[in-house]
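One structure is given below, encoded as structure tokens.
Computed from a prediction, not measured in an experiment: that's the story for all the values here. First the proteins, then the strands, lettered A, B, ... as listed; each starts at 1.
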Amino acid sequence: MTVDTEPQEPESTAMRFEVVSSALKEGTAAAARVGRLALPGRRPIDTPNFIAVTSRGTLPHVTPDNISKHLQVSGAYFSLEDFVEKSQQNLSRPPPIFSAPTSTNHPTPLYSFTGTPSHITTILAARRLPAVPSPIGNSTKSISVFTNTGFQNLSTTDYLSAASTLEPDITIPLADLTNNSPPGTSPTSKRALRMAERTDEWIADWFSSPLSTSTSTFAPVLPIPYPIQWEYLSRLAEDYIPSSQLSGLAVHDPDIIPDLATHQPSLLSLPLLSLSNPSNPHLILRHIAHGTDLFALPLINAVSDAGLALNFTFPAPPSSGSPPLPLAVDLSLPSFSTSVTPLSKSCTCYACKSHHKSYIHHLLQAREMLGWTLLQIHNHATMSAFFGGIQRSIKDATFEDERLSFSRAYDSEMPAGVGERPRMRGYQYKSQGGEENAGKKKNKPAWQKELAVEDDKVEVPETDGGRELQEKGVGEVVKGSGR
Amino acid sequence: MWATARRMASTTRSASSAALTFELVGKCSTTRARASILTLPHGQVNLPIFMPVATQASLKGLTPEQLEATGCRLCLNNTYHLGLKPGQEVLDAVGGAHKFQGWNHNLLTDSGGPMLLTPEHSMSLQNSIGSDIMMQLDDVLVTTHPDKARMREAMERSVRWLDRCIAAHKYPERQNLFCIIQGGLDLEMRRECCREMVARDTPGIAIGGLSGGEAKDDFCKVVATCTEQLPELKPRYVMGIGYPEDLVVSVALGADMFDCVWPTRTARFGNAITKHGVLNMKRELYAADFGPIEEGCGCQCCRPVGQEGSLGITRAFIHHNAAKETVAAHLLTLHNVWYQLDLMRQAREAIIADQFPAFVKKFFVGLYPDGQNYPSWAVNALRGVGIELLGR
Ligand SMILES: [Zn+2]
Ligand SMILES: [Zn+2]
């Protein structure tokens with residue numbers, strides 16, 4: 001057997017997390033820290049850091065060869081709901097991912113089905129990030145998930161069995177989340193209490209079931225106040241840390257971390273993964289200041305789809321009282337049409353080494369898919385460099401000062417981005433009432449305009465006949481280009 | 001090996017013009033198929049060749065680096081599209097289309113079509129693009145146009161426009177201008193056009209106006225009629241051709257270069273081109289098929305897991321994401337481009353080894369495994385150059 005990844009302790013079969021350096025001062029509750037998370041067979045992740053967020057098993061717009069060659073990302077978030085839709089032609093077929101054969105290069109079904117490079121740490125959760133709200137509530141033993149073919153129930157036992165089969169490096173067990181309340185509102189205290197009780201029961205079920213030892217469990221920490229979920233959290237600390245069954249926490253709102261530090265300090269020996277979907281780097285820094293180690297960042301995918309190139313560094317460049325800098329450059333703006341400079345002067349990513357703003361502006365204008373690919377490469381690289389700077393400043397004990405300078409140097413929010421987004425797909429939003437119009441508006445132009453037409457017309461058969469049907473289309477295109 | 005090398009050396013003949021060298025390295029002893037090396041300002045390409053179409057200076061989601069990895073060294077841009085976006089001013093400011101898209105290999109541009117109105121405007125735009133091969137502006141009618149007088153007028157206008165293009169072309173020392181043979185399905189008119197065009201001595205010659213819906217028999221007759229008339233030591237480009245059968249038959253008829261949007265366009269519809277025909281990956285049939293897109297294919301997606309650069313992509317994964325995530329389209333595009341380039345590589349090797357007729361038969365058996373139902377146009381065209389598909 002040949003392993004071509006970076007050197008690591010070959011004997012280790014368990015996840016290891018160590019805090020290398022912490023800004024923790026005498027008497028402070030929670031603080032930024034530098035650590036290293038290592039899973040057997042994977043590239044170790046220096047923390048604080050981020051993991052990429054996949055959609056249907058792939059990092060949007062980036063093929064696996066480009067992930068290996070051009071991204072420093074060492075972890076990826078997968079959602080089970082992206083793989084378990086019921087086939088409309090074959091209702092009884094089990095989700096194919098469960099039977100994907102494995103190999104040395106693709107050691108689990110999750111790797112082999114998705115083609116994810118094996119140095120990437122895989123993290124499985126039930127729902128996409130961010131999840132599409134479900135109008136159907138959860139029940140005592142299941143949650144409602146949204147697939148490409150609609151809502152369906154996912155029971156705790158089904159999820160457990162899926163995790164055992166897929167063998168992700170890290171699994172986040174089910175949480176009872178309110179996924180139908182409007183964003184920004186918190187659940188009623190009665191509902192919040194039930195969320196905590198159910199999640200507590202589900203965790204007990206989870207740990208009492210024989211689960212493959214090759215997956216590490218990151219228990220959810222609910223986005224509700226500490227006092228409402230204290231029983232659940234104390235059980236995590238008192239039962240599952242001593243039993244070594246709990247490997248980390250998946251925190252839905254990192255603002256709870258100071259409370260954990262006060263009431264359940266042992267939980268902070270675990271790596272803390274944030275699922276809070278921060279909308280800007282200032283929030284990321286704030287959560288790092290609490291002690292968050294890892295972030296799943298759907299923000300990056302959204303920023304790339306909006307035609308934005310991230311443009312910030314940590315530490316921030318020295319400012320001399322100048323107005324705050326924008327956090328990203330909007331490549332759709334016409335002013336970039338003849339700009340032959342890279343997306344960012346300091347960036348060394350593939351997109352910045354090989355291309356310039358003028359070309360990426362053109363690709364966005366022409367709705368060529370490569371535009372989003374290059375932005376994804378650059379935006380992930382910028383985020384990697386940002387976290388690298390954070391790690392160094394924590395080690396140098398300059399993090400808090402630099403965080404303050406950063407907050408002064410940059411705008412507080414991302415620009416919106418005037419460009420047209422890629423076509424939204426059914427699994428990305430729910431068509432319902434007002435949202436339907438929003439979805440339609442988002443979809444104005446299609447990245448596969450011809451496809452939409454073609455799809456309505458015919459399922460292309462395999463024989464010559466199918467091509468004859470297309471031939472007319474080809475002829476039209478050819479004529480249009482002056483043959 | 002030695003014998004082959006000697007024979008090649010003795011038959012190698014070449015011709016050069018200011019920005020191009022054409023070197024004939026092998027000829028099929030049965031058909032009119034040829035293998036050659038075309039040296040252009042941005043490097044050498046082996047003919048016969050399929051050229052993928054990067055309409056708007058981008059090949060459907062592939063980075064230039066990924067396109068290069070398929071072995072592609074010559075691709076197309078569309079002049080009309082680049083004239084609209086990014087526009088001539090931007091191209092001039094950036095320093096041409098190679099720099100603009102980060103592509104250090106060869107580019108071919110079409111004329112931009114009648115939308116550009118004048119030969120001078122077409123040349124000016126293609127000079128700004130800086131393509132290694134430029135096409136003359138021609139007057140294109142669908143080959144099935146019923147009006148013979150109008151067809152003649154278009155053919156004669158195309159000849160006159162070539163003269164204007166030659167006069168307007170600013171950089172003949174670094175960009176090659178190809179003429180385009182017109183004349184619809186009228187073989188006599190095509191012959192006349194060949195004579196006129198050849199007399200103008202452009203570095204390469206295209207056969208135009210096809211792929212507009214004419215019968216395949218007629219298409220083959222036009223290609224065969226033209227190649228018969230054309231000088232041996234110049235590249236011959238049949239425009240707008242991309243189906244694998246069309247490529248193989250056209251090579252047998254003596255053509256060298258082809259382009260078409262179909263292989264990359266069809267990838268976005270979830271279609272994979274294989275030696276056994278086109279497979280639509282969206283079909284339920286492939287949902288749990290963990291084989292490669294095409295068994296035996298050497299592309300990055302399909303090459304066996306463990307081989308250098310293998311991605312281990314399965315049909316099941318393509319099915320899962322076809323028409324959903326752009327990545328599925330990128331991967332199928334990688335495969336389809338590889339398939340088309342590899343088909344021409346194999347044809348070339350067969351020509352050099354003088355095994356081309358066997359290659360053609362094997363290719364058609366792959367598509368029609370029962371050895372029957374061969375398309376009659378292909379049977380007829382190949383019979384015309386000495387290959388009997390139906391013969392056992
Ligand atoms: Zn960059
Ligand atoms: Zn392939």
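- Top candidate by heavy-atom pairs under 4.5 Å with chain A, chosen from A57(B), A206(B), A328(B), G309(B), is A57(B).
- Rounded to the nearest 0.5 angstrom, E284(B) CD and N90(A) CG are separated by 5.0 Å.
- E89(B) CD: 12 or fewer foreign heavy atoms inside a 6.0 Å radius.
- Put simply, of G95(B), S58(B), A288(B), the one with the most heavy-atom pairs under 4.5 Å next to chain A is S58(B).
- Between the OH atom in Y350(A) and the OG1 atom in T63(B) there is a gap of 4.0 Å [rounded to 0.5 Å].
- No other option in S99(A), S55(A), P60(A), S87(A) has as many heavy-atom pairs under 4.5 Å with chain B as S55(A).
- By the neighbour-count criterion of 12 heavy atoms within 6.0 Å, atom NZ of K99(B) is sparsely surrounded, having that number or fewer from other residues, nucleotides or ligands.
- Between the side chain of H61(A) and the main chain of G61(B), no donor-acceptor pair closer than 3.5 Å is present.
- S112(A) touches chain B through its backbone: at least one of N, CA, C or O sits under 4.5 Å from a heavy atom, while the side chain does not.
- The most heavy-atom pairs under 4.5 Å with chain B, out of L363(A), L374(A), T338(A), come from T338(A).
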V94(B) and H356(A): side chain to side chain contact (heavy atoms under 4.5 Å, CB included), yes or no, with the steps?
CA-CA 10 Å; V94(B) 172; H356(A) 40 64; 3.8 Å; yes
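- Residue R268(B) holds its CZ atom at 5.5 Å from CE of M369(A), rounded to the nearest 0.5 Å.
- Comparing I377(A), I360(A), N148(A) by heavy-atom pairs within less than 4.5 Å of chain B, the highest count is held by N148(A).
- Each of G115(A), S358(A), P64(A) has some count of heavy-atom pairs under 4.5 Å with chain B, and the biggest count is that of S358(A).
- A pairwise comparison of heavy atoms in H106(A) and G312(B) identifies CE1-CA, 4.0 Å as the closest pair.
- Interface check for chain A: of the options N321(B), L84(B), T314(B), I313(B), the most heavy-atom pairs under 4.5 Å are formed by N321(B).
- Heavy-atom minimum distance, H330(B) versus T373(A): CE1-OG1, 3.6 Å.
- Looking only at distances, no side-chain donor or acceptor of D65(A) sits under 3.5 Å from a matching main-chain atom of L311(B).
- Summarising the local packing, NZ of K86(A) is surrounded by 12 or fewer heavy atoms from other residues, nucleotides or ligands at distances under 6.0 Å.
- In this structure, chain B has heavy atoms under 4.5 Å from both the backbone and the side chain of Q365(A).
- Chain A forms more heavy-atom pairs under 4.5 Å with one residue of S310(B), A93(B), P86(B) than with any other, namely P86(B).
- Nearest heavy-atom pair, A316(B) versus F113(A), reported as atom, atom and distance to 0.1 Å: CB-CE1, 3.8 Å.
- Rounded to the nearest 0.5 angstrom, L370(A) CG and Q56(B) CD are separated by 12.0 Å.
- The shortest non-hydrogen separation linking G306(B) to N105(A) is N-ND2, 4.0 Å.
- Distance CZ/R367(A) to NZ/K85(B): 9.5 Å, rounded to 0.5 Å.
- When the options T63(A), L59(A), T114(A) are evaluated for a side chain to side chain contact (heavy atoms under 4.5 Å, CB included) with V327(B), the one that passes is T63(A).
- Atom CG of N104(B) has 12 or fewer neighbouring heavy atoms from other residues, nucleotides or ligands inside a 6.0 Å radius.
- When every heavy atom of K324(B) is checked against every heavy atom of Y427(A), the shortest pair comes out as O-OH, 3.2 Å.
- Between the OG1 atom in T102(A) and the CZ atom in F290(B) there is a gap of 11.5 Å [rounded to 0.5 Å].
- Residue V305(B) comes nearest to S103(A) through the heavy atom pair CG1-OG, 3.7 Å, listed as atom of the first residue, atom of the second, then distance.
- The side-chain heavy atoms of H355(A) and Q101(B), taken from C-beta on, include no pair separated by under 4.5 Å.
- When each of S337(A), S68(A), S354(A) is checked for heavy-atom pairs under 4.5 Å with chain B, S337(A) comes out on top.
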